[in-house]
S.K.: 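One structure is given below, represented as structure tokens, and several questions about it will come after.
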Amino acid sequence: MEETIARRIDERLPHEEEEDVHHPFVTEPEEEPGLFQLCTGMKEDLAARIPLYMNDWGAPKHFFTVFNATIYAFVIQLIPALIFAELMATETEGNLAVIEILLSTAIMGVIYAVFAGQPIVIMGVTGPVAILLGTSYKLTEQFNAEYFPFFFWTCLWAGLLHIITAMVGLVSLVWIVTPFTTQIFELFIGLTFVYSAVKELVEPIALTQGGLQEDRSQQYASLIIGLITLWVAWTLHFAETWSFFTRGTRVFLTSYNTIIAVALGTAFSYLPGVDLSDEDQVGIERVNVTAPWDWKPTADRNWIVHPLEGIDAQGIAAAFVPGLMFFLLFIIDHNVSSIMTQKPKYNLKKPPAYHWDFFVLGLTFIPCAVLGVPPGNALIPQAPLHVRALCTRRYLVDDHGVEREVVIHCEEQRWSGLCQALLMFVALVSFEVVSWIPRGCLFGLFLYLGICAFYGNEIWERINLTFMQPSKRPATSIVRNVAWGSVMIYTVIQFVLAFSVFAIAQFASVGYIYPALLIALVPIRIYIVSRILSAGDLDYLDPSSESAEEFVEQQELIEKALRMELDTSDEDNN
């Protein structure tokens, strides 16, 4: 029996000869592609990924894991898209709205799933994109240009910058992006999501605002619906760890936590006495879509944008400025999201393809420009959550008494990314159902995504450890090897930077420059933080690679988890 289990574990554990996996801050390549070496990085990415392409389309090991991850990714994509569509409609005075954002997400998702090197990264439109599009909308007045021709050239300039950057090897700069930057970016996204959700749920019921008490009661109802959605989604997020129900039931509840939460929140909104709408009173606000969709753009225009009508050479040149802002945003946003999606904890076996994927991202700007739909990039926290949903996970306590989530297998394939994008086309023709969802549900799930960005973020974990009794702190590598005073200094620096970027992006008149602030985090880490803390401390606080000790511990936990799974499987078979 022991020999059988050992053999089956050996078959499922990673072997050195099977791996050629490079992570930017995990195991760097022996020779990084140099800057300004034409297409070198892209060629290396393709050489590594093309032999695996047919395998990416093969039958998954666990079909239902991929199916569940597809539905999960679709829901956590759809809800923020609906929220950002509302922001985008406001910023562009109704020229871009739900139709355009869903169509864009579907088209980009299909292109990326088919042609990208690392297809488990999922694409979508974010709030910063909506803000940048609003900025470009205001610029059209200054240059006496019509919006969509100006938008066309904005996308074209941005796409060309992406393509050129990938071709000349500038994406190699991703190797200097360490956990210092990715953790700050993740916390910034979490702060943004949580603030936006709380603002939308709480601000309308502030007692300082005018209005009738009957109208305010509907806002209270929306708040309750949002809290119900949040509670259900967050509770079921950990259903796999429960000790009751069968394992299949627990996996089902975890995989479909978001759709269950939205369904329950929507059902609650239709209970008698919750929605008090009648002829004299406005009821609960729901998703603002026109059902059914008439297959036309939101604005009164043709689907194909004419790039030279309503714009002159000065306007074409001016469109380079927002195009450059898109480039600065995506070079950090997309690559950081890709890095986080390919963290060593997910136990991936296939290599990344940063240069090629950035080239493909540049190509996605072309249909966006032609159709007049917003561009997008890899998403945080949706992309890492999608990968987590593809993983077979177990929870184990390591030798230091720390409970850890251990990934024993990840479904590295293209089907989930492709199918979640195709479901966006389904959503476009299902506006009748989408119109049932109350806005409280949207922001309740938005709050859930923000909390998910906090959960597992090392800055947030260290803040929590600060308030713990020192003797009760789990014996992580940082706790064991770094003086707590140094940990606090490093954590304060990261939190202040994350909060500063958040505050500028949300409240400053020049908030649209925040992509440049995110890029500035890299030199801050290299030239300032390295002078404040010792190199020995930074080896643990901001590791450039996974240490040998951590790798051995991880492999031991994976082997232990596999033994437990195989024992359980044998018991079920008997």
S.K.: Which heavy atom of L445 sits nearest a heavy atom of V262, and at what distance?
M.R.: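 Looks like CD2-CG2, 3.9 Å.
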
S.K.: Would you confirm whether E412, through its side chain, and K350, through its main-chain N or O, come within 3.5 Å as a donor-acceptor pair?
M.R.: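 It does hold such a pair.
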
S.K.: Is any side-chain heavy atom of V287 closer than 4.5 Å to one of R439?
M.R.: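 A side-chain contact under 4.5 Å is absent here.
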
S.K.: For H237 and Y448, test the side chains for any donor-to-acceptor distance below 3.5 angstrom and give the result as yes or no.
M.R.: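 Note: H237 and Y448 side chains meet the donor-acceptor criterion.
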
S.K.: Any cation-pi pair here, R525 with Y490, using under 6.0 Å and within 45°?
M.R.: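 Checked: cation-pi criterion not met.
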
S.K.: Please give me the minimum heavy-atom distance between A427 and L78, naming the atom from each residue.
M.R.: CB-CD1, 4.3 Å

S.K.: Is the number of heavy atoms from other residues, nucleotides or ligands within 6.0 Å of CG (L422) greater than 12?
M.R.: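 Above 12, so yes.
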
S.K.: Does any part of the side chain of F502, heavy atoms only, come nearer than 4.5 Å to the side chain of L187, both counted from C-beta?
M.R.: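 Contact flag for L187/F502 side chains = no.
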
S.K.: Which heavy atom of P374 sits nearest a heavy atom of M88, and at what distance?
M.R.: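 That closest heavy-atom pairing would be CG-SD, 3.7 Å.
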
S.K.: Would the distance check show the side chain of N335 and the main-chain N or O of I331 forming a donor-acceptor pair, the cut-off being under 3.5 Å?
M.R.: yes

S.K.: Nearest 0.5 Å, please: how far is CG in L465 from NZ in K472?
M.R.: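 The distance works out to 14.5 Å.
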
S.K.: Can you tell if the side chain of K345 reaches within under 4.5 Å of the side chain of V407, non-hydrogen atoms only?
M.R.: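 Contact flag for K345/V407 side chains = no.
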
S.K.: Check step by step if side chain to side chain contact (heavy atoms under 4.5 Å, CB included) holds for L191 and F454.
M.R.: CA-CA 8 Å; L191 288 170; F454 286 161; 3.9 Å; yes

S.K.: Going through the checks in order, is the side chain to side chain contact (heavy atoms under 4.5 Å, CB included) test met by I101 and V373?
M.R.: CA-CA 7 Å; I101 200 170; V373 297; over 6 Å; no

S.K.: How far apart are the closest heavy atoms of V125 and P375, and which atoms are they?
M.R.: CG2-O, 3.7 Å

S.K.: What closest approach, in Å, do G265 and I225 show between heavy atoms, and which atom pair accounts for it?
M.R.: O-CG2, 3.7 Å

S.K.: Pair F327, F365 - check ring pair (Phe, Tyr, Trp, His ring centres under 6.0 Å), show working.
M.R.: CA-CA 11 Å; F327 167 73; F365 278 87; 9.7 Å; no

S.K.: Would you call E458 and P179 a side-chain contact if the rule is heavy atoms closer than 4.5 Å?
M.R.: no

S.K.: Compute whether any side-chain donor of one residue and acceptor of the other, for T266 and R286, lie under 3.5 angstrom apart.
M.R.: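 Result is no, nothing qualifies.
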
S.K.: Which value, rounded to the nearest 0.5 Å, describes the distance between N377 atom CG and M108 atom CE?
M.R.: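 Result: 8.0 Å between the selected atoms.
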
S.K.: When you measure from the side chain of Q420 to the backbone N and O of G417, does any donor-acceptor pair fall under 3.5 Å?
M.R.: yes

S.K.: So, for C441 and T229, which heavy atoms are closest and what is the spacing to 0.1 Å?
M.R.: SG-OG1, 3.3 Å

S.K.: How long is the span from the CD1 atom in I107 to the CZ atom in F425, to the nearest 0.5 Å?
M.R.: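 If we round to the nearest 0.5 Å, I107:CD1 and F425:CZ are 5.5 Å apart.
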
S.K.: Could you tell me how the ring of H62 sits relative to the ring of H409: parallel (under 30°), tilted (30 to 60°) or perpendicular (over 60°)?
M.R.: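 Perpendicular: the ring planes of H62 and H409 meet at over 60°.
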
S.K.: How long is the span from the CZ atom in F188 to the CZ atom in F499, to the nearest 0.5 Å?
M.R.: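 Result: 12.0 Å between the selected atoms.
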
S.K.: Is it true that atom CH2 of W231 has more than 12 heavy atoms of other residues, nucleotides or ligands lying nearer than 6.0 Å?
M.R.: no

S.K.: Output yes when a side-chain donor or acceptor of R393 lies under 3.5 Å from a complementary backbone atom of R388, and no otherwise.
M.R.: yes

S.K.: Going by distance alone, is a donor N or O of one side chain under 3.5 Å from an acceptor N or O of the other, for R462 and T491?
M.R.: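 Yes - a donor-acceptor pair under 3.5 Å links their side chains.
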
S.K.: Measure from the side-chain N and O atoms of E240 to the backbone N and O of S255, and report whether any donor-acceptor pair falls under 3.5 Å.
M.R.: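 No.
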
S.K.: Would you mind reporting whether P381 and F193 have side-chain heavy atoms less than 4.5 Å apart?
M.R.: yes

S.K.: Quick one: do the N68 and Y256 side chains pair a donor with an acceptor below 3.5 Å?
M.R.: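 Yes, side-chain donor-acceptor contact under 3.5 Å.
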
S.K.: Report yes if the side chains of N257 and V232 come closer than 4.5 Å at any heavy-atom pair, otherwise no.
M.R.: no

S.K.: Please work out whether the ring planes of F67 and F64 are parallel, tilted or perpendicular, with thresholds of 30° and 60°.
M.R.: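 F67 and F64: perpendicular rings.
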
S.K.: Once you round to the nearest 0.5 Å, how far does CG of L449 lie from CG of L385?
M.R.: 6.5 Å

S.K.: If you take the centroid of each ring, where Trp contributes its six-membered ring, are F238 and Y455 closer together than 6.0 Å?
M.R.: yes

S.K.: For a 4.5 angstrom cut-off between non-hydrogen side-chain atoms, does Y195 reach L447?
M.R.: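 With C-beta onward as the side chain, the pair stays apart.
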
S.K.: Is any side-chain heavy atom of F431 less than 4.5 Å from a side-chain heavy atom of V98?
M.R.: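 They are in side-chain contact.
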
S.K.: Could you go through L253 and W242, starting from their C-alpha distance and side-chain angles, then the distance that decides it, and tell me whether this counts as side chain to side chain contact (heavy atoms under 4.5 Å, CB included)?
M.R.: CA-CA 11 Å; L253 293 174; W242 294 354; 3.8 Å; yes

S.K.: Apply side chain to side chain contact (heavy atoms under 4.5 Å, CB included) to residues L96 and T298 and explain how you reach the verdict.
M.R.: CA-CA 6 Å; L96 299 172; T298 302; over 6 Å; no

S.K.: Without swapping roles, check the side chain of S104 against the backbone of E100 for a donor-acceptor pair under 3.5 Å.
M.R.: no

S.K.: Ring pair (Phe, Tyr, Trp, His ring centres under 6.0 Å): which pairs involve residues 69-112, sequence neighbours left out?
M.R.: F84-F446, Y112-H334

S.K.: Just to verify, what does S416 make a side-chain hydrogen bond (donor to acceptor under 3.5 Å, both in side chains) with, not counting sequence neighbours?
M.R.: H386, Q413

S.K.: Taking D357 for its side chain and G117 for its backbone only, find out whether a donor-acceptor pair lies under 3.5 Å.
M.R.: yes

S.K.: Please round to the nearest 0.5 Å and tell me the distance separating atom CD1 of I189 and atom CG of D333.
M.R.: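 Interatomic distance, I189 CD1 to D333 CG, rounded to 0.5 Å: 6.0 Å.
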
S.K.: Could you check whether E186 and N457, counting side-chain N and O atoms only, form a donor-acceptor pair closer than 3.5 Å?
M.R.: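 Result is yes, a qualifying pair exists.
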
S.K.: Donor-acceptor check, side chain of Q494 to backbone of F180, threshold 3.5 angstrom: yes or no?
M.R.: yes

S.K.: So, the side chain of T249 versus the backbone of F245: is there a donor-acceptor pair under 3.5 Å, distance only?
M.R.: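 Absent.
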
